[in-house]
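One structure below.
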Amino acid sequence: MFDSVLKLKTTYSKEVLGMRVTKFLVIIAVLFSFTVMADAGTLEDVKTRGKLNCIVSSGLAGFASPDEKGNWQGFDVDFCRAVAAAVLGSGDKVKFVPTTNKTRFTQLNAGEGDILFRNTTETLSRDADLKLTFLPVNYYDGQGFLIRKSLGVTSATQLAGASVCIQTGTTTELNLADYFRANKMKYEPVNTETNEESIVAYESKRCDVYTTDASALASTRAALKKPSDHVILPEIISKEPLGGAVRHGDDRWADIGKWVVNALIIAEEMGITQKNVKELAKKSGNNPGMNRFLGTEGSMGEMLGLDKKWAVNAISAVGNYGEIFERHLGPKTPLALERGLNASWKAGGILYAAPIR
Amino acid sequence: MDPIASLSRLWRDEHSRSVIIQILAVVLIFGLFAYLVRNAIVNLEAIGKGFSFGYLQEPASYDINQHLIEYTSRSTHFRAMLVGILNTLLVAVSGIALATVLGFSLGVLRLSKNLLANRLAHIYIDYVRNVPVLLHILLVYGIIVNTLPVPREAQSLGDIAFLTNRGLFLPKPIFEPLFLVILGLFAAGIVFTIWFRRYAADIQRKTGEHYPVFWISLGAVLGIPVISYFLIGGPITFEIPALTGFNFSGGMVIRPEFTALWIALSLYTAAFIAEIVRAGIISVNYGQTEASLALGINHGRTLNLVVIPQALRVIVPPLTSQYLNLAKNSSLAIAIGYMDIVATIGGITLNQTGREMECMIIVLLLYLSLSLLISFAMNIYNKRIRLVER
Ligand SMILES: N[C@@H](CCC(=O)N[C@@H](CS)C(=O)NCC(=O)O)C(=O)O
């Protein structure tokens, strides 16, 4: 029976075999990104690693971008730091993983990040189909249009026929298609991968209009050569509730992310700031809610699998929601954004966090 | 026979040993592959993502600026993929055509006795070959987008075409039914030419008489259809692009993303082809040329009948791999937002549906098929020009 093998002619020459091997290697490389997926115990992973891997954008001033010294700065960045502080005790124990719009979810699901804070809109399909678990909204946004004043456009309804810069892999491109279709207008999409590329295309006049989240437009406008030559049109064509996200399937870890975000919002309500938090946390006072928050009473931290001082650590690292907002997005920054919807519910906004109790 | 003994006999025989090793290698590779696929599927299922291609039938919901077939945001992901495939094919085929013409010309210039032409070609080839193709693409794109005027200040070309940084807007031909006649004549011309070339070769073999085959073929393929076109009153009308608001509408447009990718890929690959052509021509012993000239055959025909056929045998195999490189390099389209396979099914669709595995498998298979197709065509050509032993 083996003798028949002897007569077998070689069907695979060395070359053919070599070619196949390379092809397989390529496919295998793709598959590997899925096979090394982290298991359910993200909290344990982070603790043993001693660092939080946090997925942020590749560079959007005000939200996430490295400063001259190479330190990451921004609104989203501070949320990463808050989580790191709550879990590991220090806001510096973060490794930032910059991603494009297109790669962010794949990288999260492949375990390259533990958590994501990246101008990311919560949608049904991202939740149910892309398998993300969203944390509470940390910025209520909507999609707008940035255009040169010299074009004389005052409303988005006058944009028929325009070339529009968009980033691929966003809700933006879908909203745009819907909006122009619903308004029976034609347009030419000009696709780019990052905000930076969009700005280059916009500045070279490859496109007339740049569309993305209004907050990002404010950031972009501030970075243009002469911001006053450009306007953001009044129309907001979508709801973009931006929030953090984690992978499906690790509820404990999702809870931690959720309550850190809530804690930052509640701290503002309670008047707990980066400055006074250490002082307040020294001993328990007359306000039981405050005591629970500060860990001087009850065992909120333990319930989450964290230290008693989890919230104190988070606030010490980055301050409360209002402070984070003022530092990176507020009127004193180049973005000059108003709190608007993002004011606390006590101040006319819709920011409303579930209670810590 | 004792199986152990027969096994060890198999192992001692060099040929059968190599067969066994190869079979084992294939089994191992397939095993590893199957293991990884299984693992990936299990892991995807663990986070609740099954493995399915059903999403291809869902509406894509995004727009694509360059589509050679009808496409809207309501079309399916499958159709978006087709649009991407056609865009890749378009740039690959036009790139191969331009790179071949440029490459052959440069290769001949490199051998020219004219020192200036020779040096210039040399400098060009050295520069282009030593800079990554991605930089060429970005450079050409940057030049187009930054130096050409915006539509409102478009460079008019005889008021029928307009050059802008959003693309070259051209009149769009609209064919009337009578145009079918012209197409018919054109097809007839091709059939005639094929027959006539054989006939002429036959006559030449028998009698030595020589027909002006090229001119007669040209007349049949182009001359007659063009003359008839004007005789029946030009059954094509043109839709001229017009400036409306932000952009030109009507007509057709060649977008800067396509132009940049096409030019850059062609210029880059042409430099490599030039070197291949030069090597091919040098490989034909000069004695052959001398012999041919001594027989009284003129320079042109010597080149066509003696040098090139022999040079081609050396040129075609490495040329094939340059074509493959060009086709694969076209995936760098992503850097400037040209909507090819990678940007559509492997980009936006992948991202909006979260079907990484499925999309990447499709993209891999598409590039594989494209490469195999090119290899296949070139192999056929290679066989035809192979040295025929007599
Ligand atoms: N919120 C939308 C849009 C996100 C988006 O486009 N983000 C841009 C804002 S301009 C960004 O983060 N760009 C930074 C980068 O390119 O890295 C989504 O989640 O799809």
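Side-chain atoms are counted along with the backbone in the values below, which use heavy atoms only and exclude waters and symmetry mates. Proteins come first, then strands; the chains are lettered A, B, ... in the order of their sequence lines, and each starts at number 1. Keep in mind it's a predicted model, so treat the numbers as computed, not measured.
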> Can you say whether Ile64(B) sits under 4.5 Å from chain A via the side chain, the backbone, both, or neither, judging by heavy atoms?
Replying inline: backbone
> Tell me, side chain or backbone of Val145(B) under 4.5 Å from chain A's heavy atoms, or both, or neither?
Replying inline: both
> Got a sec, which pairs hit disulfide bond (SG atoms under 2.5 Å apart) with one end in residues 155-188 of chain A, sequence neighbours left out?
Replying inline: Cys165(A)-Cys207(A)
> What option among Ala201(A), Ala177(A), Ala160(A) has the most heavy-atom pairs under 4.5 Å with chain B?
Replying inline: Ala177(A)
> Nearest heavy-atom pair of Asn351(B) and Thr103(A): which atoms, and what distance?
Replying inline: ND2-N, 4.3 Å
> Salt bridge check: are Asp208(A) and Arg166(B) linked by an N-O gap of less than 4.0 Å?
Replying inline: yes
> Between Asn247(B) (side chain) and Gly161(A) (backbone), is there a donor-acceptor pair under 3.5 Å?
Replying inline: yes
> Is chain B contacted by the side chain of Glu203(A), its backbone, both, or neither, given a heavy-atom distance below 4.5 Å?
Replying inline: neither
>> Let me confirm one number: the CZ-OG1 distance from Arg181(A) to Thr72(B), rounded to the nearest 0.5 Å.
In response: 4.5 Å
>> With side chain to side chain donor-acceptor pair (under 3.5 Å) as the criterion, how do Tyr55(B) and Asp129(A) come out once you've worked through the C-alpha distance, each side chain's angles and the decisive distance to 0.1 Å?
In response: CA-CA 11 Å; Tyr55(B) 69 96; Asp129(A) 206 26; over 6 Å; no
> Hey, are the side chains of Lys102(A) and Ile334(B) touching, using non-hydrogen atoms and a 4.5 Å cut-off?
Replying inline: yes
>> Keeping Gln352(B) on the side-chain end and Thr170(A) on the backbone end, is there a donor-acceptor pair under 3.5 Å?
In response: yes
>> My understanding is that only residues two or more places apart in sequence, or in another chain, count here; which of them pass ring pair (Phe, Tyr, Trp, His ring centres under 6.0 Å) with His248(A)?
In response: none
> Top residue by heavy-atom pair count (under 4.5 Å) with chain A, among Ala335(B), Ala343(B), Pro256(B)?
Replying inline: Pro256(B)
> For Arg17(B), is it the side chain, the backbone, both or neither that has a heavy atom under 4.5 Å from a heavy atom of chain A?
Replying inline: neither
>> What part of Gln66(B) gets within 4.5 angstrom of chain A, counting heavy atoms only: side chain, backbone, both, or neither?
In response: neither
